[in-house]
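We count ligands from 1, going down the list as the structure has it; atoms in each ligand are counted the same way. Side-chain atoms are counted along with the backbone in the values below, which use heavy atoms only and exclude waters and symmetry mates. All values derive from a computational prediction rather than experimental measurement. Sequence positions, counted from 1, serve as the residue numbers for this chain.
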Amino acid sequence: MKIVDAAVVLTSPGRNFVTLKVETDEGVTGLGDATLNGREVAVAGYLREHVVPLLLGTDPHRIEDTWQSLYRGAYWRRGPVTMAAIAAVDIALWDIKAKVAGLPLYQLLGGASRDRVRAYGHASGRDLPELFDSVRALLADGYQAIRVQTGVPGLDRVYGVRSSPGGARPVVEDWDTAAYLRHLPKVFDAVRQEFGPDLPLLHDAHHRLTPSQAARLGKDLEPYDLFWLEDCTPAENQEGLRLVRGHTTTPLAIGEVFNTVFDYQTLVTEQLIDYVRSAVTHFGGVSPMRKLFDFAAQYQIKSAIHGPEDISPIGMAAAVHLDLAIHNFGIQEYSGHTELTNAVFPHAYTFTDGHLHPGEAPGLGIELDEELAAAHPYERAYLPINRLHDGTVHDW
Ligand code: CS2
Ligand code: MG
């Protein structure tokens, strides 16, 4: 079998997605997700100019060799753009291999280790009434684990609370760490009083705290028994998590911006986190994600694949196949997608009673409606930036 074509499809059914469609001489095609929110054209260009020419004529079954050739052959390693491009190829080749085998992808990854995949959804509110309504809506949708994000008194635009969609220039959101640290424990106290002690609650600090501030927040949240506190501090300096870990038993999740296992080396070997958060799309694909989860499993760390709306349904499909198969599954983020997005990417995975299942269709179990995709062309859109009251740029 040979690869005879590979097309990069940019589409924007409400938000931008980058898709790689790989075609073989035997008529089997594979789909890969290369979506990198706010940098889509960079990945599309990397694929079109530097990857697709190298794929033509190669054997799609040689997934590991292709991955290693693209990773090591680039010489310039790692980084979100490179790894998203490699991920799209890897995901598409696994789609092809599983289709040829006539099996859903999870069967090639060792078969099912569970019957279904627990998901968590995003609840948010500028104030408690709005937040409570949001939690109730998710519970009504069947979610059995809920991420809670809240407005902060004195702040106008805060991450995760009615965030405006990306625009042609970054929206400026505002931030005040002291106000946030004072307010958040009160919010979780109120949520626990309203919804009880058992509902798994998650929170995303979104890279904004110093290690000592993260340690304080983790400790302050202990009475509310969170499922996890996510991205409590920027983790390029992995050793910074030693301070946090030493002060709090609140479970920690990190890694959605990480794109190789080296980003996790200290975090995993010193058990400084409890969940690894990378997306299949941003970590180089299915092949390296399996290796990451095996590495993490040696240190009792579980999966929590990144799954917001800016991961395309193709990336979500690949995630759910991995979730079903690996032993050290933790939880799957699932924001869902709009009806239009789901029409562009018809898929076999299902969400029922708070749980996902990849379905039994051969391959990933997903298609690309190219005509509908073409009807919604790419529109430049940036992620917001964050500024403190004095105008200083802060982590978003
Ligand atoms: C967030 C993401 O879902 C999460 O945990 O951190 O929604 C993140 O803000 C976006 O993926 C950025 O594009
Ligand atoms: Mg996050």
Side-chain angles (χ1 to χ4, degrees), residues 12 14-18 33-43 80-81 83-84 87 119-124 134 138 143 145-150 157-167 170-173 175 180 184 200-209 214 217 226-236 241 250-259 263-264 267 273-283 303-316 319 330-338 341 356 379-386 394-396:
S12 191
R15 68 169 314 117
N16 293 314
F17 297 110
V18 184
D33 182 23
T35 305
L36 186 63
N37 199 355
R39 293 298 183 270
E40 297 86 358
V41 175
V43 184
V81 173
M83 299 316 288
Y120 75 88
H122 291 184
S124 66
S134 182
L138 286 179
Y143 280 98
I146 293 176
R147 187 189 82 169
V148 168
Q149 301 298 129
T150 175
R157 286 182 167 149
V158 177
Y159 164 72
V161 182
R162 295 179 172 225
S163 291
S164 38
V171 168
V172 179
E173 297 188 352
W175 186 250
Y180 166 78
L184 195 69
L201 297 177
L202 305 83
H203 179 69
D204 194 344
H206 222 259
H207 322 277
R208 298 175 180 207
L209 307 177
L217 180 61
L226 264 61
F227 183 90
W228 81 35
L229 174 61
E230 176 183 350
D231 282 333
C232 62
T233 186
E236 289 92 334
L241 272 298
T250 294
L252 301 175
I254 282 186
E256 71 181 47
V257 296
F258 290 173
N259 42 74
D263 299 323
Y264 287 105
L267 295 174
I273 57 175
D274 302 281
Y275 298 93
V276 291
R277 284 282 288 135
S278 292
V280 185
T281 309
H282 300 149
F283 200 75
S303 76
I305 299 177
H306 192 214
E309 196 183 346
D310 50 277
I311 296 292
S312 96
I314 296 170
M316 179 54 65
I331 198 165
Q332 173 62 52
E333 179 176 16
Y334 180 63
S335 302
H337 293 95
T338 63
T341 295
L356 292 152
E379 295 176 21
R380 184 188 305 278
Y382 287 102
L383 281 166
I385 62 168
N386 220 0
H394 193 69
D395 290 297
W396 176 71

Query - Numbered atoms of ligand 1 (with element) below 4.0 Å of Asp204, judged on heavy atoms - result: 1 (C), 4 (C), 5 (O), 6 (O)
Requested in this report: Could you name all protein N, O or S atoms found under 2.8 Å from the Mg ion (ligand 2)?
Outcome: Asp204 OD2, Glu230 OE2, Glu256 OE1
Requested in this report: Within a distance under 4.0 Å of any heavy atom of Pro308, pick out the atoms of ligand 1 and give their elements.
Outcome: 3 (O), 7 (O), 11 (O)
Query raised in the report: N/O of Tyr120 under 3.5 Å from N/O of ligand 1, yes or no?
Result: no
Query raised in the report: Side chain of Ser278, backbone of Asn259: donor and acceptor closer than 3.5 Å?
Result: no
Requested in this report: Please work out which of His122, Glu256, His282 has its closest non-hydrogen atom nearest to atom 5 (O) of ligand 1.
Outcome: Glu256
Query - Arg147: numbered ligand 1 atoms lying under 4.0 Å from its heavy atoms - result: 1 (C), 3 (O), 4 (C), 5 (O)
Query raised in the report: Would you say the side-chain atoms of His122 pair up with the backbone N or O of Val161, donor to acceptor, closer than 3.5 Å?
Result: no
Requested in this report: Starting from atom 3 (O) of ligand 1, find the nearest protein heavy-atom neighbour and note its residue, name and distance.
Outcome: Glu333 OE2, 2.3 Å
Query raised in the report: Can you list the ligand 1 atoms lying under 4.0 Å from a non-hydrogen atom of Arg277?
Result: 4 (C), 5 (O)
Query raised in the report: Is there a donor-acceptor pair closer than 3.5 Å between any side-chain N or O of Asn37 and the backbone N or O of Asp310?
Result: no
Report task. Look only at the side chain of His206 and the backbone of Trp396, and say whether a donor-acceptor pair between them is shorter than 3.5 Å. Result -> yes
Query raised in the report: Against heavy atoms of Glu230, which atoms of ligand 1 measure under 4.0 Å?
Result: 5 (O)
Query raised in the report: Does a side-chain N-to-carboxylate-O contact under 4.0 Å join Arg277 and Glu256?
Result: yes
Query raised in the report: What part of Ile311, side chain, backbone, both or neither, has a heavy atom within less than 4.0 angstrom of ligand 1?
Result: neither
Query raised in the report: In ligand 1, which numbered atoms sit nearer than 4.0 Å to a non-hydrogen atom of Asn37?
Result: 13 (O)
Report summary line: Atoms of ligand 1 under 4.0 Å from any heavy atom of Trp396, numbered from 1 in the order shown, are 9 (O)
